[in-house]
Amino acid sequence: MGWLEGEVALITGGGSGLGLALVERFLQEGAHVGVLQRSQSKIDELIARYGDKIVAVTGDVASFEDNVRAVQATVERFGKLDCFIGNAGIWDHYADIVNMSGEQLNTAFDEIMGINTKGYLLGAKAALDELLKTEGSMIFTLSNSAFYSSGGGPIYTASKHAGVGLVRELAYELAPKVRVNAVAPSGMNVNVKGAASLGQENLGLLDARDPQKIGQGMPLRFLPEPEDMTGSYVLLASRQNNRPLSGVFINADCGLGIRGLRQANAGFFDA
């Protein structure tokens, strides 16, 4: 019997990368799983792979109505909701303020913050009534960029820092009924895509980067697979194990916090 036997979780962005690994792990732990995913092809792949073990809804996390539909579909299939996992996100490929135009800043801010920050808040609101019934929990995927600079550009970093404030405020507002926590992974062997507003929608994080080199830059000297990150979510979703935990950040950064990113920026403006 798994730690999540009989529990029901809704995972956003569950069609690939960390989200897909979470779907697989939660099923292994005995949970029923709902997924909100923007890509119809990924939805089709999920259904082909897992059948009626999951319920999968096509939609955009930046739409409140789509979040509501995902919650409703999950509850209609499985009868309740115990855990909402806000996981869908996009990166910005280090797009910096110097080289972005004002218009790019404007449109990219709306897109990245809309998915990475507003999407979490809308999902939390959509799931709230059901989580109050079960006295469940929320878990949000953050990043080492929630705590350090140079894990992305200013918009991505701002979106993840905003997630820290969101978790703290929701943990305060929703106590004692709903526990709210986060996992902040380091880089992973996941080809997360960039922002369409910056022309990055088909450009993955690993397309122009060497995974082995990235891993060697970590204090623990390896690049995690998404499966390596799922245990922290299981811990936080488990009623047996997370009863005293709310407002907690599991900083799963492969040791970056003990050393920092160590990328000097001196001379950036030099000719």
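- By the rule that hydrophobic residues join a cluster once side-chain heavy atoms approach within less than 4.5 Å of another member, Ile43 and Val71 end up as members of separate clusters.
- The side-chain heavy atoms of Thr107 and Glu103, taken from C-beta on, include a pair separated by under 4.5 Å.
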side-chain contact (heavy atoms from CB on, under 4.5 Å), that's the test. Do Arg168 and Val164 meet it? Break it down for me. CA-CA 6 Å; Arg168 286 175 172 157; Val164 173; 3.5 Å; yes
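- For the pair Glu29/Glu7, no side-chain contact is recorded, criterion being any heavy-atom separation below 4.5 Å from C-beta on.
- Considering only heavy atoms from C-beta on, Glu225 comes within 4.5 Å of Asp228 through its side chain.
- In this structure, the side chain of Thr12 engages the main chain of Ala88 through a donor-acceptor pair within 3.5 Å.
- Between the side chain of Gln200 and the backbone N or O of Gly194 there is no donor-acceptor pair closer than 3.5 Å.
- At a threshold of 4.5 Å between non-hydrogen side-chain atoms, the residues Leu198 and Gln104 count as touching.
- Residues Leu256 and Leu220 do not share a hydrophobic cluster, defined by chaining ILVMFWY side chains whose heavy atoms lie under 4.5 Å apart.
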Using the rule given for side chain to side chain donor-acceptor pair (under 3.5 Å), can you reason through Gln28 versus Glu24, listing the C-alpha separation, both sets of side-chain angles and the distance that settles it, and then say yes or no? CA-CA 6 Å; Gln28 290 174 358; Glu24 178 71 28; 3.1 Å; yes
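- Scanning for ring-ring contact (aromatic ring centres under 6.0 Å, His included) contacts around Phe84 gives an empty result, with sequence neighbours left out.
- Using a 4.5 Å heavy-atom threshold, the side chains of Leu131 and Ser137 count as separate.
- For the residue pair Met229 and Ser186, the shortest heavy atom distance occurs at CE-OG, 3.7 Å.
- Taking OH of Tyr156 as the reference point, atom CD1 of Ile112 lies at 9.5 Å (rounded to 0.5 Å).
- Checked against Val180 for a side chain to side chain contact (heavy atoms under 4.5 Å, CB included), the options Val248, Val167, Leu245 give a single hit: Val167.
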Verify side chain to side chain donor-acceptor pair (under 3.5 Å) between Asn87 and Thr141, making sure each step is shown before the conclusion. CA-CA 5 Å; Asn87 171 74; Thr141 297; 2.9 Å; yes
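- Proximity of Asn242 to Leu235: side-chain heavy atoms (C-beta onward) are nowhere separated by under 4.5 Å.
- Residues Met138 and Val75 share a hydrophobic cluster, clusters being chains of Ile/Leu/Val/Met/Phe/Trp/Tyr side chains in contact below 4.5 Å.
- Between Asn251 and Tyr148, the side chains place a donor N or O and an acceptor N or O closer than 3.5 Å (distance only, hydrogens not considered).
- More than 12 heavy atoms of other residues, nucleotides or ligands lie within 6.0 Å of CZ in Phe222, so this atom counts as buried by the packing criterion.
- Taking the six-membered ring where the residue is Trp, Tyr94 and Trp91 present perpendicular rings, their angle passing 60° and hence far from 30°.
- For residues 32-62, the ring pair (Phe, Tyr, Trp, His ring centres under 6.0 Å) pairs, not counting sequence neighbours, are His32-Phe78.
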Mind running side-chain contact (heavy atoms from CB on, under 4.5 Å) on Ile90 and Asn116 for me, showing each step along the way? CA-CA 7 Å; Ile90 58 173; Asn116 291 4; 4.0 Å; yes
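- Sparse packing is recorded around CZ of Arg38, with 12 or fewer heavy atoms of other residues, nucleotides or ligands lying under 6.0 Å away.
- At distances below 3.5 Å, not a single donor-acceptor pair connects side-chain atoms of Thr157 with backbone N or O atoms of Ser149.
- Between the CG atom in Asn181 and the CZ atom in Phe249 there is a gap of 8.5 Å [rounded to 0.5 Å].
- Under the 4.5 Å side-chain heavy-atom criterion for Ile, Leu, Val, Met, Phe, Trp and Tyr, Leu132 and Val8 are members of the same hydrophobic cluster.
- Electrostatic pairing of Asp82 and Lys80 counts as a salt bridge here, judged by a charged N lying under 4.0 Å from a carboxylate O.
- Taking each heavy atom of Ala73 and Val57 in turn, the nearest pair found is CB-CG2, 3.7 Å.
- For the atom pair CZ (Phe147) and NE2 (His161), the distance works out to 8.0 Å, reported to the nearest 0.5 Å.
- Looking at Glu111, its side chain does come within 3.5 Å of a backbone N or O of Ala196 through a donor-acceptor pair.
- Remark: the Asp60 side chain and the Ser63 side chain contain no N/O donor-acceptor pair separated by less than 3.5 Å.
- In summary, Arg179 and Glu135 do not engage in a salt bridge, as defined by a charged side-chain N under 4.0 Å from a carboxylate O.
- For the residue pair Lys42/Ser16, the side-chain donor-acceptor check at 3.5 Å is satisfied.
- Looking at heavy atoms from C-beta onward, Ile54 lies in side-chain contact with Leu46 at the 4.5 angstrom threshold.
- With Asp66 contributing its side chain and Val61 its backbone, the two residues share no donor-acceptor pair below 3.5 Å.
- Here the closest heavy-atom approach between residue Val190 and residue Gly17 is recorded as CG1-CA, 3.8 Å.
- Ile47 and Val33 fall into different hydrophobic clusters, where Ile, Leu, Val, Met, Phe, Trp and Tyr residues are linked whenever their side-chain heavy atoms come under 4.5 Å apart, directly or through other members.
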Test Thr117 against Leu121 for side-chain contact (heavy atoms from CB on, under 4.5 Å), laying out the working first. CA-CA 7 Å; Thr117 306; Leu121 186 58; over 6 Å; no
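- Remark: Glu130 engages Lys133 in a salt bridge, criterion side-chain N to carboxylate O under 4.0 Å.
- Rounding to the nearest 0.5 angstrom, the gap separating the SG atom in Cys83 from the CG atom in Leu10 is 9.0 Å.
- The structure places CG of Leu4 at 10.0 Å from CD of Gln240, a figure rounded to the nearest 0.5 Å.
- Nearest heavy atoms, Leu170 versus Ala124: CD1-CB, 4.0 Å.
- Taking a 6.0 Å sphere around CZ of Phe109, one finds it holds 12 or fewer heavy atoms contributed by other residues, nucleotides or ligands.
- Counting all heavy atoms, side chain and backbone alike, Ile155 lies closest to Ala108 at CD1-CB, 3.7 Å.
- With respect to the salt-bridge test (charged N to carboxylate O, under 4.0 angstrom), the residues Arg69 and Glu65 do not qualify.
- Within the 3.5 Å criterion, the main-chain N or O of Val234 finds no donor-acceptor partner in the side chain of Ser238.
- Its side chain within the 4.5 Å cluster rule, Val68 clusters with Phe64, Leu122 among the Ile, Leu, Val, Met, Phe, Trp and Tyr residues.
- Contact between Asp92 and Pro154 at its shortest, heavy atoms only, is OD2-N, 4.2 Å.
- In this structure the side chain of Val183 reaches within 4.5 angstrom of the side chain of Leu236, judged on heavy atoms.
- We find the OG-CG distance between Ser246 and Leu174 to be 8.0 Å, quoted to the nearest 0.5 Å.
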